[in-house]
Amino acid sequence: RRRSPLTLLATGMLRQRAKEELRQHTPEKLLLDTAQRLARFRAGRRALHIHLSRLRPYNRRELHIRIAVNTFENLVKQFDGTIFRLQNGDIVFVCRGARIDALDEAVMRLRYLFSEDPLAYEINDATSGGFVTWYDLDRDYEKFLALAKAIYARGSVKGKRLAAIAGGVKPEKPLERRSIDANQLGELVDAIRGADLSNLLRRQAVAALLPNCEPQILFRELYISIADLREMMVPGYEIAGDRWLFQHLTQTLDRRMLDLLVNSDDGFLKSGFSINMNVATMLAPDFLEFDAGLRAGARGTILLELQLVDIFADIGAYIFAREFAKERGYRLCLDGVNHHTLPFVDRERLGLDFVKITWRPEMADLDEDRLAEFRGLVERLGKTRAILCHVDDDRALQFGRRCGFALFQGRRIDRLLAARDKTAHAQKRLRGH
């Protein structure tokens, strides 16, 4: 039945009103409104930003988020609190007159909830971020307001979908991922240059596993999650499909990573860490600025992780960049090696400190001759120089131990470290009592 113009007009007005109300009542908008209102009422107020979006995907299920929100429910009435559950899964809790020990106890319960995630037991100073960022609004109000503005400005894919529903538009069905072309890559690069990528920053430890010893962290790799970047910027497209286009994109990501590190007040700069790097970036002005910025303060050992294909694309540029970096105290790690390409890697001739070999399930099916050859190659690299990465299960870990690896990286190692830290923390609490 054909609807009258008046009915169509009324329907359109209702949909527009629904969209306006939706925009006004998102958690991000309510958080910004609250932060602005608190400009005159800062005294005695505190805020916590729980970075659940930085957890591993399997720890960010709906049930986990609800339990995390409920952890703060008891504090709402007690301390005039407000909980904001953001669309990316993060939680912001604002309260007045709360004791530090009461808030710390709530945070500790969350650490136990996510005890299998390495992020949960990263102990940081009061304002460094990691699992939780603390704000004393008497002192940190401007930082908190800037956070609220950034969160509101960033928005999310979920928010856009809700707006589409309010407008009567059905969300698009998930598409089969298409390869990104050069024009789309250029638009993506421009967007990355101006985007806040701090939420996409991930950390994963490289640890030494020695017989009859607790696992010991050697350094942490810091990287921007490509999967999360894709979902945030270009859902439906595969941005790593074309090797050379993707390498161009990674050069932009290199520069954003350097910028994030120089402007970070996190404590990891004083400990060992690694970052992915292109040879071209090492020879660019951005790297000189990064180096100068770090030299102004204390810093730990920094490893630059390079791809095999990037090194051999211009070996002369690599040698120049290698000497330049080593003079400034950086160490070099070769990434992107597998059991097929390992025979072509001479660590000492290339002047590398470490080599990462990527675990693949088919490696478990190597016959005895090839397995013996592989063990010999690992031994030639040096047991304390070869890292087996993508160790996500016991099968990969057992293979690595059989082949003489002492250094490992992957989700299985994350769980071992989390269990170690959980035990150490529990023992510390018992000693405290």
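Because the structure is predicted, anything quoted here is derived from the model rather than measured.
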Asker: Counting distance only, does the side-chain N/O of R46 pair as donor-acceptor with the main-chain N or O of V94 below 3.5 Å?
Answerer: no
Asker: Taking the six-membered ring for Trp, are F290 and F287 parallel (under 30°), tilted (30 to 60°) or perpendicular (over 60°)?
Answerer: tilted
Asker: Ignoring hydrogens and geometry, is there a side-chain-to-backbone donor-acceptor pair from R220 to F273 under 3.5 Å?
Answerer: no
Asker: Ignoring hydrogens and angles, tell me if any N or O in the side chain of R322 forms a donor-acceptor pair with the backbone of L350 under 3.5 Å.
Answerer: yes
Asker: Between Y141 and D136, do the side chains contain a donor N or O and an acceptor N or O under 3.5 Å apart?
Answerer: no
Asker: What's the spacing between L32 CG and I151 CD1 if we round to 0.5 Å?
Answerer: 9.5 Å
Asker: Supply the atom-to-atom distance Q409 CD to I357 CD1, rounded to the nearest 0.5 angstrom.
Answerer: 12.0 Å
Asker: Under 4.0 Å between a Lys/Arg side-chain N and an Asp/Glu carboxylate O for R360 and D365?
Answerer: no
Asker: Could you check whether T250 and N278, counting side-chain N and O atoms only, form a donor-acceptor pair closer than 3.5 Å?
Answerer: yes
Asker: So, the side chain of R412 versus the backbone of H390: is there a donor-acceptor pair under 3.5 Å, distance only?
Answerer: no
Asker: Assess the pair F72 and F93: is the distance between their ring centroids shorter than 6.0 Å?
Answerer: yes
Asker: Mark yes or no for whether R96, through its side chain, and D80, through its backbone, hold a donor-acceptor pair below 3.5 Å.
Answerer: no
Asker: Determine, for K356 against E305, whether the closest basic-nitrogen to carboxylate-oxygen distance falls under 4.0 angstrom.
Answerer: yes
Asker: What I want to check is whether the side chains of N338 and T358 have a donor and an acceptor closer together than 3.5 Å.
Answerer: no
Asker: With distance as the sole test, does T34 use its side chain to make a donor-acceptor pair with the main-chain N or O of L30 at under 3.5 Å?
Answerer: yes
Asker: When you measure from the side chain of R42 to the backbone N and O of A39, does any donor-acceptor pair fall under 3.5 Å?
Answerer: yes
Asker: Would a distance-only check, ignoring hydrogens and angles, find a side-chain to backbone donor-acceptor pair under 3.5 Å from D353 to L332?
Answerer: yes
Asker: Is there a donor-acceptor pair under 3.5 Å between the side chain of T341 and the backbone N or O of V337?
Answerer: no
Asker: Rounded at 0.5 Å granularity, tell me how far OH in Y135 sits from CG in L48.
Answerer: 10.0 Å
Asker: Does the D394 side chain pair with the main chain of L397, one donor and one acceptor, at a distance under 3.5 Å?
Answerer: no
Asker: Take atom CZ of R411 as the centre, draw a 6.0 Å sphere, and report whether it contains more than 12 heavy atoms from other residues, nucleotides or ligands.
Answerer: no
Asker: CG/L366 to CG/L371 distance, rounded to the nearest 0.5 angstrom?
Answerer: 6.0 Å
Asker: Would one find more than 12 heavy atoms of other residues, nucleotides or ligands at under 6.0 Å from atom CD of Q78?
Answerer: yes
